[in-house]
Amino acid sequence: MTDQHPRYRALLTGVTGQDGWYLARRLLAEGQEVHGIVRDESVVDSISAELPGLQIHVADLRDNDSLLRALDAAAPDRLFNLAGSTSVARSWEAPVETADTIGIGAVRLLAAAWEQQERTGREIRFLQASSAEVFGDPATAPQSERTPRNPITPYGAAKDFAHTMVQVYRHRGLYATAAILYNHESPRRPTTFVARKITAAVAAIARGRLDHLSLGNMDALRDWGYAPDYVDAMMRILDAPEPHDYIVATGNAHSVRDFLREAFAVVGIDDWESYVSVDPNLYRPADPRALVGDAARLRELGWEPTVSFSELVRTMVQADLDELEATPAL
Ligand code: GDP
């Protein structure tokens, strides 16, 4: 497939993150021309080695001139905005930076895309990585594209503003869409997220390298999907003839406790409760109780998740076991 001519030029922000990495890899495998924006020059060598063929531009979502240069150099047909800290918990420590990077950053990109489209007459299709966090602590489950947005965290508020600006530019005439992404995981997810924190700890416990795991709220319900399925959704969303917003979710809710039980089962540990304790410091000031999405609209584009909850947990635990094998104990 790699010898086919590119059908389009894609520009991705956040290419070093979980989703950007999977999306760039997939687009490169399809033979598209792929450009990625990185903020930090020091990662250029490692990301080039991991994603051969990727064209890299150094720019910062907080710096308009750097973004304009990257857009001019890449001249994209498709722009995927995946950048910004994804940590809801950390957004309380850096609310201003969160608003600037995620909220205003999206406006900088939308404005630059619109200006370039007006100047060149060539269509740019824009996908914003929105988030289930825009719903806050919703009264109904599952949520759909019609559920009122009502964020309760600085992260959710910044994503909500970015989402609104996508709708504003769509009204103006830009092909702009928001993918409302529910939690999606993979072995590339950092351990700051509960899923990877659990699988890394369970693998370490199974190999005798750790004896304990502390967690916060174990009753929260989340809709956990597999990241490569979610980048597949992003590609389908921009292939659609008309721009819409889409829920990207499996429709299945599980608690953090379910995730734990499932992960310990992979390594054959039944008395998992003896390894886990609750640390009140890990509770959040505001935490949605049940985020689960209805992706009926997206399924009309032919999308469906390819990995079940059990398979996701097993894949992640196995990857963490493999990583431990490769790193001898000190
Ligand atoms: P989020 O839904 O995007 O915030 O993704 P996370 O994976 O960070 O959190 C998912 C849920 O797990 C939230 O309800 C957290 O409160 C809960 N949780 C419980 N213990 C922990 C923990 O130790 N770390 C994290 N990150 N989340 C935890």
Side-chain angles (χ1 to χ4, degrees), residues 11-14 17 19-20 23 61-62 67 78-88 90-92 94-114 117 124-184 222-223 225 230-231 233-238 240 242-249 286 288 291-298 301 303:
L11 175 61
L12 283 60
T13 70
D19 295 1
L23 179 60
L61 276 158
R62 293 167 300 180
L67 290 178
R78 299 193 176 194
L79 178 45
F80 295 88
N81 183 25
L82 313 176
S85 162
T86 48
S87 171
V88 176
R90 270 213 305 272
S91 76
W92 287 105
V96 175
E97 199 208 317
T98 302
D100 195 5
T101 312
I102 294 178
I104 313 289
V107 183
R108 292 185 185 104
L109 278 178
L110 283 160
W114 175 252
Q117 178 174 291
I124 300 183
R125 295 189 170 199
F126 188 102
L127 183 134
Q128 167 67 18
S130 190
S131 162
E133 285 288 320
V134 299
F135 297 127
D137 189 18
T140 54
Q143 298 85 44
S144 76
E145 294 84 2
R146 287 164 298 283
T147 302
R149 304 205 304 264
N150 192 17
I152 56 168
T153 61
Y155 176 83
K159 285 284 186 188
D160 181 40
F161 177 61
H163 193 140
T164 300
M165 288 305 291
V166 163
Q167 294 172 325
V168 166
Y169 272 91
R170 183 160 70 223
H171 190 250
R172 182 89 193 272
L174 187 71
Y175 184 116
T177 71
I180 306 166
L181 304 168
Y182 282 65
N183 300 56
H184 48 291
R222 290 291 182 273
D223 181 333
Y230 287 47
V231 308
M234 294 178 198
M235 291 168 64
R236 287 175 192 268
I237 288 170
L238 285 197
E242 297 296 327
H244 285 292
D245 297 336
Y246 291 88
I247 296 279
V248 187
L291 291 178
V292 50
D294 173 3
R297 179 185 279 174
L298 178 62
L301 299 182
W303 180 84

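Please read all numbers here as calculations on a predicted model, not as lab measurements. Excluded from the calculations below are hydrogen atoms, water molecules and symmetry mates; all remaining heavy atoms, backbone and side chain alike, are included.
- Annotation for Ile124 and Gln117: closest pair N-OE1, 2.9 Å, computed over non-hydrogen atoms.
- When all heavy atoms of Thr153 and Ala286 are compared, the pair lying nearest together is CG2-O, 4.1 Å.
- Note that CG of Leu23 is 4.5 Å distant from CG of Leu12, once rounded to the nearest 0.5 Å.
- Between atom CG of residue Leu110 and atom CZ of residue Phe126 there is a gap of 4.0 Å, rounded to the nearest 0.5 Å.
- Interatomic distance, CG of Asp137 versus CG of Leu291, reported as 7.5 Å (0.5 Å rounding).
- Residues Leu109 and Leu67 meet the side-chain proximity criterion, which asks for heavy atoms closer than 4.5 Å.
- Going from atom CE of Met234 over to atom CD of Gln128 covers 10.0 Å, rounded to the nearest 0.5 Å.
- The two atoms that bring Ser131 and Lys159 nearest to each other are CB-CG, 4.1 Å, heavy atoms only.
- Looking at His244 and Thr177, their side chains never come closer than 4.5 Å, going by heavy atoms from C-beta outward.
- Residues Arg297 and Arg146 share a closest heavy-atom pair of NH2-NH1, 4.1 Å.
- With hydrogens and angles ignored, the 3.5 Å screen pairs a side-chain donor or acceptor of Thr13 with a backbone N or O of Leu82.
- With contacts defined as side-chain heavy-atom distances shorter than 4.5 Å, the pair Phe161/Ile102 does not qualify.
- If you take CD on Glu133 and OH on Tyr155, they are separated by 7.0 Å, rounding to the nearest 0.5 Å.
- Of the candidates Asn150, Asp160, Thr147, Phe135 forms a side chain to side chain contact (heavy atoms under 4.5 Å, CB included) with just one, namely Thr147.
- Side-chain atoms of Ile237 and Trp303, non-hydrogen and from C-beta on, never get closer than 4.5 Å to each other.
- Under the 4.5 Å side-chain criterion, counting only non-hydrogen atoms from C-beta, Val231 is not in contact with His184.
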Go through Tyr182 and Gln143 one step at a time and tell me if the side-chain hydrogen bond (donor to acceptor under 3.5 Å, both in side chains) criterion holds. CA-CA 10 Å; Tyr182 282 65; Gln143 298 85 44; 2.8 Å; yes
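- For Gly156 against Pro151, the heavy-atom pair with the smallest separation is C-CB, 3.4 Å.
- Considering CE of Met165 and CZ of Arg108, their distance stands at 12.0 Å, rounded to 0.5 Å.
- Annotation: side chain of Arg62 is in contact with side chain of Glu97 (closest heavy-atom distance under 4.5 Å).
- Side chains of Tyr175 and Leu238 form a contact here, defined as non-hydrogen atoms less than 4.5 Å apart.
- For the pair Leu61 and Asn81, the tightest heavy-atom approach, listed with the atom from each and the gap, is CD1-OD1, 4.2 Å.
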